[in-house]
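Could you have a look at this structure, given as structure tokens, before my questions?
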Amino acid sequence: MARTDTTRLALLGLLEHEPASGYDLRRLIGVRLGAFWKAGYAQIYPALARLERDGLVHVEVEDSAKGQPKKGFAITDDGRRALEDTLRSFTPRPEMKADFLLKIFFGARAPRAQILALLQELESHHRGALERFVELLADRVARL
């Protein structure tokens, strides 16, 4: 895998812990990963379809009291191997959002103080994200 598909990684990682519906996965992403990554239904459901097509998850359909069957997704053995392969692969650097980079690139049109303020906001954001990540990691290690 040349480039890590973060949605695929997140879904396989969450499904390794427990089977879940698309709705449940969206909620779990918000609760467990929301400090550093987000995804909506428009990303989740197509990714689940690809994972099912590739044999990395299988679907369990349950009857629902609301009348419409509920689809639950569970990771397969091939999905676990794909997750392990992804976790072993090196990701060279996190990507930055284009809108921020464009603001800096075209910053010559803005006052210097405004560009410095943007950079300070970016630094503050990354420091906060790093602190949350360290807390999450410490919690995960404590559970092992």
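This chain uses plain numbering: 1 for the first residue, then up along the sequence.
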In this structure, CG of Leu83 is separated from CZ of Arg88 (nearest 0.5 Å) by 9.5 Å
Excluding sequence neighbours, so at least two apart, what forms side chain to side chain donor-acceptor pair (under 3.5 Å) with His58?
Glu60
Which heavy atom of Leu15 sits nearest to which heavy atom of Ala20, and what is that distance?
CD2-N, 3.6 Å
Hey, is the main chain of Leu56 close enough, under 3.5 Å, to the side chain of Thr76 for a donor-acceptor pair?
yes
Is Arg127 salt-bridged to Glu131, going by a charged N under 4.0 Å from an acidic O?
no
What's the separation between atom CZ in Arg8 and atom CG in Asp54, rounded to the nearest 0.5 Å?
6.5 Å
Among Leu136, Leu130, Leu137, find the one that has a side chain to side chain contact (heavy atoms under 4.5 Å, CB included) with Val134.
Leu130
Report the distance from atom CG of Leu25 to atom OH of Tyr41, rounding to the nearest 0.5 Å.
9.5 Å
Atom pair CZ/NZ of Arg26 and Lys38 - distance to nearest 0.5 Å
8.5 Å
Does Gln120 offer a backbone N or O that forms a donor-acceptor pair with the side chain of Ser124 under 3.5 Å?
no
Criterion side chain to side chain contact (heavy atoms under 4.5 Å, CB included) on Glu52 and Leu48, from CA distance to verdict:
CA-CA 6 Å; Glu52 182 183 11; Leu48 286 169; over 6 Å; no
Using a 3.5 Å distance criterion without hydrogens, assess whether the side chain of Arg132 forms a donor-acceptor pair with backbone atoms of Gly128.
yes
Under 4.5 Å between side-chain heavy atoms, hopping through other hydrophobics if needed: is there a path connecting Phe133 to Val31?
no
What do the steps show when you test Ile75 against Leu51 for side chain to side chain contact (heavy atoms under 4.5 Å, CB included), and what is the final call?
CA-CA 9 Å; Ile75 194 168; Leu51 291 171; over 6 Å; no
Applying ring pair (Phe, Tyr, Trp, His ring centres under 6.0 Å), can you list everything that pairs with Tyr23, at least two apart in sequence or on another chain?
none
Given Ile29, Val57, Asp5, the one that forms side chain to side chain contact (heavy atoms under 4.5 Å, CB included) with Leu11
Ile29
Asp24 bridged to Lys70 by N-O distance under 4.0 Å
yes
Rounded distance [0.5 Å steps], CG in Leu116 versus CD in Glu123
11.5 Å
